Amino acid sequence: MKVAKLLYKNREWKLERNDENLNYENVQLVLAYGARKIIEDTSFFTMLKEKFPQAEIALSSSSGEIFSNEVYDDTVAVTMISFEKAYLKTSQIDITDFPDSYEAGRVLVNQLSQEDLRWVFIMSDGSSVNGSQLVEGLNSGRSADVLITGGLAGDGDHFEKTVVGLNAAPEPNKIVAIGFYGNNLELSHSSYGGWESFGLEKTVTKSHHNVLYEIDKKNALELYKKYLGKYAEGLPGSALLFPLSLTSDNHPYPVVRTILSVNENDDTMVFAGDIPEGSKVRFMKANIDRLIDAAHDAATRCLENYNEKPKMAIIISCVGRKLVLGDRTAEEVDMVRDVLGTDTIITGFYSYGEISPLRPFDNCVLHNQTITITTLNEITQNGN
């Protein structure tokens, strides 16, 4: 297995890491995450295709690009992968062709052959897709030993439009699945938040999918504003500082939900994932040091199943973390590098939602406000 990466900025290739002299003409897979205005330009995809003529090329808009231990904006981070024995299969759908996101996820994963499948990496539109329903659909077709991770595309802090594409210039409404095949693939994953819960646990008494109406039979928005205090004046932007922790029959372990918008006319709150009636919620707040420590914990968890350091690590972290951390954003990536070491190729992006199991190789879950990491090695007779 060989991995290399490039950073595209200001219309040219600015940075490169290619320790093993990977031949770009023979690359099998290209992952490109970047600013929407760059990657949705057809000329950018054409340039990638000319540079990597044999590769499957998957692109996603992002809210920040991870390259080594730095975080960039208005760039494209490009990762190139070739395997010795493992192989790939890809699938893409358009969400508008399906009645809901559940069915889209079910069909997407079923389009991949299940024989020898080890890992499915998802790159999904982050604006029109219901991430909670998507992961339920993905899980419905998942074999017990198959890992599913990935993320929802971002659009900086604009929240206007997200785009994803497979072997073409990316567009809205697309969802891409990349299947990794072979018994010689060594995988690990983790997902951590680092947010602090406060206040008493409460019950969701009225909701519809990702729209929240009542908590403990009280107007949810009024209750939320009460907890926010002075920060309520900054809604919906300030909601990124105060997500909800949620547990339910489907999620016995806490997951984090971020508020996307509030509707003052009908006093409702719209979240990035579903908030089922009967689920338990607690308010959360940011602690900068704990957010950064969570990155360390996530990277450490990834190493538990490895005899050697992984060849590659894909970080998908939430745009909410990036907005909260501000100038300290790169510290969480630096934490990961410190744990994994400089030999591991680190790449990834900031997203509108993260997809990863809560427990080792369990069903995948939609997360918000977390840092998720997936690591990969190809084990051969000669080693990595």
Side-chain angles (χ1 to χ4, degrees), residues 1 3 5 17 19 64-71 77 79 118-119 121 145-151 180 185-197 243 245 251-256 284 286-322 324-325 328-351 353-379 383-384:
M1 175 183 177
V3 184
K5 59 184 180 181
R17 179 174 176 181
D19 300 345
E65 299 76 58
I66 296 170
F67 190 93
S68 296
N69 63 320
E70 297 292 338
V71 178
T79 306
R118 294 293 313 285
W119 173 34
F121 183 62
D145 56 350
V146 174
L147 173 65
I148 300 179
T149 64
F180 293 76
L185 293 178
E186 187 178 46
L187 294 154
S188 189
H189 67 89
S190 62
S191 181
Y192 280 76
W195 298 81
E196 293 183 344
S197 297
S245 170
H251 301 299
Y253 296 89
V255 295
V256 182
M284 308 183 81
N287 179 308
I288 300 298
D289 290 332
R290 286 193 62 182
L291 292 181
I292 295 171
D293 288 343
H296 178 277
D297 295 340
T300 301
R301 173 64 63 86
C302 280
L303 292 183
E304 291 181 355
N305 297 324
Y306 277 97
N307 294 320
E308 299 183 29
K309 295 293 180 70
K311 178 62 69 72
M312 181 181 73
I314 299 178
I315 299 172
I316 300 181
S317 188
C318 184
V319 62
R321 297 174 67 89
K322 184 169 180 275
V324 170
L325 290 171
R328 298 185 64 183
T329 300
E331 290 186 37
E332 72 169 1
V333 181
D334 209 27
M335 276 286 189
V336 176
R337 189 194 66 165
D338 287 346
V339 173
L340 299 184
T342 56
D343 290 339
T344 300
I345 299 290
I346 295 176
T347 183
F349 67 101
Y350 282 81
S351 73
E354 305 81 60
I355 297 172
S356 176
L358 281 168
R359 294 177 293 178
F361 293 85
D362 202 351
N363 281 339
C364 64
V365 176
L366 175 71
H367 304 268
N368 301 124
Q369 305 284 32
T370 63
I371 178 170
T372 69
I373 307 173
T374 308
T375 59
L376 176 67
N377 271 344
E378 183 184 28
I379 305 303
N384 289 346

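Please read all numbers here as calculations on a predicted model, not as lab measurements.
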request  = For the pair Cys318 and His367, evaluate side chain to side chain contact (heavy atoms under 4.5 Å, CB included) and give the outcome as yes or no after the intermediate values.
outcome  = CA-CA 9 Å; Cys318 184; His367 304 268; over 6 Å; no
message = Would Met312 and Ile314 count as a side chain to side chain contact (heavy atoms under 4.5 Å, CB included) here? Give the steps.
response = CA-CA 7 Å; Met312 181 181 73; Ile314 299 178; 3.9 Å; yes
message = Could you go through Ile66 and Tyr350, starting from their C-alpha distance and side-chain angles, then the distance that decides it, and tell me whether this counts as side chain to side chain contact (heavy atoms under 4.5 Å, CB included)?
response = CA-CA 8 Å; Ile66 296 170; Tyr350 282 81; 3.8 Å; yes
task = Please assess Val365 against Tyr253 for the test side chain to side chain contact (heavy atoms under 4.5 Å, CB included), listing each intermediate value before the final yes or no.
result = CA-CA 10 Å; Val365 176; Tyr253 296 89; over 6 Å; no
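Proximity of a side-chain donor or acceptor of Lys5 to a complementary backbone N or O of Ile345 within less than 3.5 Å is not detected. Put simply, the side chain of Asn368 never gets that close to the backbone of Gly353: no donor and acceptor are under 3.5 Å apart. Panel note: side chain Trp195, backbone Pro243; no donor-acceptor pair is recorded below 3.5 Å. In this structure, the side chain of Ser191 does not engage the main chain of Thr372 through any donor-acceptor pair within 3.5 Å.
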List the atom pairs, donor and acceptor, that lie under 3.5 Å between side-chain atoms in residues 291-300 and the rest of the protein, sequence neighbours left out.
unit_1: Thr300; atom_1: OG1; unit_2: His296; atom_2: O; d: 2.8

For residues 333-342, which side-chain N or O atoms pair as donor and acceptor with protein atoms under 3.5 Å away, sequence neighbours left out?
unit_1: Asp334; atom_1: OD1; unit_2: Asn69; atom_2: ND2; d: 2.9
unit_1: Asp334; atom_1: OD1; unit_2: Arg337; atom_2: NH2; d: 3.4

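Residues Val255 and Leu366 have side chains not in contact (no heavy-atom distance under 4.5 Å, counting atoms from C-beta outward). Annotation: side chain of Leu187 is not in contact with side chain of Thr149 (no heavy-atom distance under 4.5 Å). You'll find the side chain of Thr370 reaches within 4.5 Å of the side chain of Glu354, heavy atoms only.
Evaluation of the salt bridge (charged side-chain N to carboxylate O under 4.0 Å, His left out) rule for Glu332 yields Arg321 as partners, not counting sequence neighbours. For Arg17, the salt bridge (charged side-chain N to carboxylate O under 4.0 Å, His left out) partners are Asp19, not counting sequence neighbours. Partners of Glu70 by salt bridge (charged side-chain N to carboxylate O under 4.0 Å, His left out), not counting sequence neighbours: none found. Under the salt bridge (charged side-chain N to carboxylate O under 4.0 Å, His left out) criterion, Arg118 pairs with no residue at all, not counting sequence neighbours.
With values rounded to the nearest 0.5 angstrom, Ile148 atom CD1 is found 8.5 Å from Ile355 atom CD1. In this structure, CG in Asp362 is found 10.5 Å from OG in Ser356, a value given to the nearest 0.5 Å. Atom-to-atom distance recorded for Thr375:OG1 and Ile346:CD1 is 11.0 Å, nearest 0.5 angstrom. The OG atom of Ser188 lies 11.0 Å from the CG atom of Leu376; values are rounded to the nearest 0.5 Å. Between atom OG1 of residue Thr344 and atom NZ of residue Lys309 there is a gap of 6.5 Å, rounded to the nearest 0.5 Å. Here the CZ atom belonging to Phe121 is positioned 4.0 Å from the CD1 atom belonging to Ile316, to the nearest 0.5 angstrom.
The aromatic rings of Phe180 and Trp119 lie parallel to each other, their planes meeting at an angle below 30°, with 60° marking the opposite boundary.
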